[in-house]
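Structure below; questions to follow.
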Amino acid sequence: MMCDKCGKNPATTHVKTVVNGVVKETNLCPHCAAKEGYGSFGKMSLANMLASMFGDSTQNVNITKERCKCCKSSFADIAQSGRVGCSECYETFKKELMPSLNRLHGKVQHVGKGITKSLSLQDQTKDRLKKLKEELKTAVDSEEYEKAAQLRDEIKELERKEDN
Amino acid sequence: MSSWYKTVSPDQPSVVSSRIRLARNIKAVPFPKRMSETQKCDMLSLVKGILDGATLDAVGTLKYFDIADIPEEELYAMVERHIISPDFVKKEGPRGLVISEDETLSIMLLEEDHIRIQVLLGGLALEKAYEIASAAEELLAKGVTFAFDEQLGYLTECPTNLGTGLRASVMLHLPVLESSKMVAGLADSVSKIGLTVRGMYGEGSRSRAALYQLSNQVTLGISEKAAIENLNAITTQITKREESGRNELDRSALEDAVYRALGTLKYARRISSDEMMNLISRVKLGVISGILDMVDPALPMTLLIETQPASLQRTAGRMTADDRDICRASVIRERL
């Protein structure tokens, strides 16, 4: 079916209007639909939809004033944007998020691959430094001086950042 | 340069490529939308330190790039080659990209999530792609701790990616199913089993070159293995339908359509991107159904990718749309 307006492109939007009992049907291509103001269907973004889902669950739970310690988001921020602030938000606002996550996924239990370690970013830098120093030692011991020099520079750079 | 579109699988020629994407975030660091400039730069240098120059068996040496150092034309050409997402290019602020030499592995840093690992291979090769993505993930895990929750799995900015953070997809060439108006019905039925179909190019339901992307939607409550197996099984079913439809086509009408498309591509002086895609799709169908015998069966797909606007301009410089159509026609004439 071609567009009723331009007749050039295939019609993808079908508009039915009822005025005083008279039904009128129009078929439009995406371009003409946008021109006529029907394009906003496409702008219904995922974030908007999620926002309304999160928003729903606030009706049942007393909205917490608490803010996430890591990214400073409040639950209201998340409910408004439909976007979670950081990984810690999932813990902080678990009670508030769970009803929507249940509706979104149906089955809320991860069954895939997992990890066991958990370190903060600072600890991660420390961890990385430790690893690099071990590598440096091995490199020196096995007389790989070029590699050792590279590792030494990387360690220096990381230590400088840590001091800041 | 990319190699995914330069291979054609003889068993399942309708499957153009397989892609695995893993969404990962670093624990206790705000998601990109809420990160400060300094946090972004720190994260980029942390990841750069781990991955730049590192080697993975399957893909070779990795290289880190700052997005600001890559010319815009090249970024859009990368989008055309499916190495990075259009959203990643449009974003502002510091971003990084790690790619292997053959572009099989690409890691977007500070897209929607901190880390997006992508592996793209020609033909149906989801398991292999997942293996490579996993190896890249393990390499990263040596230096960063991923945000993870026993119940919710890998934590992502968008709650729809929670769980495995895995998006597996295949790019399918379905000219026969498309012409018999079966794709819409297909989209409807795969959605019932947690998969989704969308047009590869073009907006909304409209597809160009009869290329469709089939991917998993569910990430929570399903293992990586199960998601990939599902997708594999449905892909095989769809390609079988395409194949049997192909065999039922009126041979002489098909030959006529294929040769007309080839004729236009060989002799036209101006070809728009839209026209190119439609003609190439028919030529590709001609190669698959044994009507055309091409020395390089991957040539149609190669031309389809490499004569898109940004890819053309990358080699021939900036042009007006008209000049681009002339340049595209001449590149195609030369290669055919």
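Chain letters run A, B, ... following the sequence lines, proteins first, then strands; residues in each count from 1. All values below were derived from every heavy atom in this structure, side-chain atoms included, with hydrogens, water molecules and symmetry-related copies excluded.
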Distance-only donor-acceptor pairs under 3.5 Å for side chains of residues 183-197 of chain B, two or more places apart:
residue : atom : partner : partner atom : Å
S189(B) : OG   : G185(B) : O            : 3.0
S189(B) : OG   : L186(B) : O            : 3.2
S191(B) : OG   : D188(B) : O            : 2.7

Report the option among C71(A), S87(A), G82(A) that has the most heavy-atom pairs separated by less than 4.5 Å from atoms of chain B.
S87(A)
Contact origin within E154(A) toward chain B - heavy atom pairs under 4.5 Å
side chain
Checking the side chain of Q151(B) only, and the main-chain atoms of V108(A) only, is there a donor and an acceptor separated by less than 3.5 Å?
yes
For N9(A), is it the side chain, the backbone, both or neither that has a heavy atom under 4.5 Å from a heavy atom of chain B?
neither
Among E157(A), K72(A), R83(A), which residue has the highest count of heavy-atom pairs closer than 4.5 Å to chain B?
R83(A)
Distance-only donor-acceptor pairs under 3.5 Å for side chains of residues 213-229 of chain B, two or more places apart:
residue : atom : partner : partner atom : Å
N216(B) : OD1  : A168(B) : N            : 2.8
N216(B) : ND2  : L166(B) : O            : 3.3
N216(B) : ND2  : V218(B) : O            : 3.3
T219(B) : OG1  : T160(B) : O            : 3.1
T219(B) : OG1  : L162(B) : O            : 2.6
S223(B) : OG   : A226(B) : N            : 3.1
E224(B) : OE1  : K113(A) : N            : 3.1
E224(B) : OE2  : K113(A) : N            : 3.2
K225(B) : NZ   : E229(B) : OE2          : 3.0

Evaluate the ring planes of F93(A) and F75(A), with Trp represented by its six-membered ring, and classify them as parallel (under 30°), tilted (30 to 60°) or perpendicular (over 60°).
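Taking F75(A) first and then F93(A), their aromatic rings sit tilted (interplane angle of 30° to 60°).
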Can a salt bridge be assigned to the pair E111(B) and R95(B) using a cut-off of 4.0 Å between side-chain N and carboxylate O?
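The answer is no: the pair does not qualify as a salt bridge.
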At a 4.5 Å cut-off on heavy atoms, which part of E91(A) comes close to chain B: side chain, backbone, both, or neither?
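The side chain, not the backbone.
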